[in-house]
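In this text the structure is predicted, and so the values were computed from the model without any measurement.
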Protein chains: 2
Amino acid sequence: MTAGSLSPNTLMILKLESIFAFADEEKQALQNLPIQVTTLKAGRDIVRVGDRPSQCCLIHEGFSCVYKLTSEGKRQLVALHVPGDIPDLQSLHLKTMDISLASISPCTVGFIQHDDMRCVCERYPRLTAVFWRETLVHASIHREWLLNNGQREAYSRMAHLFCELLIRLKAVGLGEGDTFDLPITQVELADAIGTSSVHMNRVLQALRADGLIQTKGKQVIVPDWEKLKEAGDFDPLYLHLEEAGAA
Amino acid sequence: MTAGSLSPNTLMILKLESIFAFADEEKQALQNLPIQVTTLKAGRDIVRVGDRPSQCCLIHEGFSCVYKLTSEGKRQLVALHVPGDIPDLQSLHLKTMDISLASISPCTVGFIQHDDMRCVCERYPRLTAVFWRETLVHASIHREWLLNNGQREAYSRMAHLFCELLIRLKAVGLGEGDTFDLPITQVELADAIGTSSVHMNRVLQALRADGLIQTKGKQVIVPDWEKLKEAGDFDPLYLHLEEAGAA
DNA sequence: CGCGAGTTTGATCACCATCAAAGCTTGTGG
DNA sequence: CCACAAGCTTTGATGGTGATCAAACTCGCG
């Protein structure tokens, strides 16, 4: 199931559709949004702290992350994105970026001009609600990460993150059964979880030893979903995937 | 400067005005929003995980927090609110609450029906943008907390939080010069920062010993703003307080 | 085949959690 | 107005999770 052949906003629409019943013309309007497509190597900044972009970014293929740095140079990933996400939709209303956005794996991304977004929202107010909701779900994920990184130990945190990624990937049709691709280094996982990369390595070994995950190259296999869920103290409520559509 | 005599949405409007130039009728519409006012003792839940509220909450006086629990009962505060904040504006589009909202100090709060919010937003689309922006700023604060709690040590984290609170309170006209009221226990600060309360106590002693803060009962005094800022590695950009209004 | 990025391992140490108990404050009722 | 109780703050001691440093190993890739 590669996304190569699809239009760059297909997955976004797919995802939004699962929680919202579009009218035909609303869907048309989304599909007709002018999008400038680009491919990126891994590890490239897309937007940086302090920038004032005039467009926002749509992940079509690959993984990206949002990160922040302390003045000492320590890095925290504050979000991970899967295809279908719009990582910097916030830039529509917050002029100057408080975060940096970067590709984690090779990516194909689409850029949508803010002006075009505003036009669509103006003409179809229900789309405003859908996009607003998208940013609210990201905020909800931030909150869960705060709980995760603040109150669970590294082993559990990592289990939790695997759960989240599996669910989010399956929600956009990526990941087969109990398997998904995760083209991300241990250093990046460590930065997301808030541990050192050395410790992250040991945590991953422990998770493998306990049979919670298996890895084959960039692939992650979850042999026992219930066990992983329990280890990660995972409840998918915060992803808001199964709610009735917003009015 | 007590807020007792003011209408319950005054501070909210004040805050929004500082980043957005309302038209007269827009401001009128906000001022005419029906609000049901209530007073609360400290430590009361306002909304709980799993609820499906039909209204949202506006803090008029006092402090509130958003928290989440692990299944082991560990608590993480994921947000603190000052007067003028709308802590659960998200409930307008995310039906079931992924968080609990509680008063930290005695509070007076106002409740606005979702339906009324939707009416106002429908009639004045620019207000939609303002409210949307409000939720985006809260998300930005979440991200900074992720960085703070994940990459700084407790001493620095706490300094950072003091900086944030001073700025946010001054933005709504609370706090005189270098002083502000902070009716919150060390246990709650610990839950926000992600440390034990014992360690929080020692951190506060260290901050006092180093002259970064003084405390008199519930009052916090910041004798040397620059030093506190440096200790907390604080940059107010993420609060988005000084931007040109959203179009 | 060799380079560089990423992973793995070992050893030491610091920050902070945890447990336990004693002082302190604040509000409430007698 | 005082006394008591409950919640909050403070202190001490011990131990664990995870940071840090250093170096070897693996693997994909040009």
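Between A:K227 and A:D210 there is no salt bridge, since none of the side-chain N atoms of the basic residue sits less than 4.0 Å from a carboxylate O of the acidic one. The residues B:K229 and B:D235 are annotated as not salt-bridged, no charged nitrogen and carboxylate oxygen being separated by less than 4.0 angstrom. B:D45 has a carboxylate O that lies under 4.0 Å from a charged side-chain N of B:R48, or vice versa, which qualifies the two as a salt bridge. Taking the charged nitrogens against the carboxylate oxygens, B:R157 and B:E164 have no contact shorter than 4.0 Å, which rules out a salt bridge. Checked for salt-bridge contact, A:D191 and A:R75 meet the test: a charged N lies under 4.0 Å from a carboxylate O. Salt-bridge annotation for B:R152 and A:E72: absent, with no side-chain N of the basic residue lying under 4.0 Å from a carboxylate O of the acidic one.
Taking atom CD of A:Q151 as the reference point, atom C1' of D:dT17 lies 15 Å away to the nearest angstrom. Look at CG on A:L204: it is 16 Å from C1' on D:dT26, rounded to the nearest Å. Rounding to whole angstrom units, NZ of residue B:K41 and C1' of D:dG7 are separated by 15 Å. Residue A:R157 contributes atom CZ, which lies 12 Å from atom C1' of D:dA19 at whole-angstrom precision. For B:Q186 and D:dC8, the CD to C1' distance is 8 Å, given to the nearest whole Å. The CZ atom of B:R202 sits 9 Å away from the P atom of D:dT11 (whole-angstrom rounding). To the nearest angstrom, P of D:dT9 lies 15 Å from CG of B:L207. Per the geometry, NE2 belonging to A:H199 stands 6 Å off P belonging to D:dA19, to the nearest Å.
Residues A:L174 and A:F180 have side chains not in contact (no heavy-atom distance under 4.5 Å, counting atoms from C-beta outward).
In this structure, B:G194 reaches the sugar-phosphate backbone alone: every heavy-atom distance under 4.0 Å involves primed, P, OP1 or OP2 atoms, never a base. Heavy atoms of A:G217 sit nowhere under 4.0 angstrom from any nucleic acid atom. Residue-level contact check: B:R152 touches neither bases nor backbone, having no heavy atom under 4.0 Å from any strand. B:T195 comes within 4.0 angstrom of the backbone, heavy atoms only, and of no base.
For DNA chain C, the outermost nucleotides in 5' to 3' order that have an atom under 4.0 Å from a heavy atom of chain B are C:dC16 to C:dC19.
Taking only side-chain nitrogens and oxygens, A:K218 never comes nearer than 4.0 Å to OP1 or OP2 of D:dC27.
Side-chain proximity of A:V198 to D:dT10, D:dT20, D:dG18: nearest is D:dT20.
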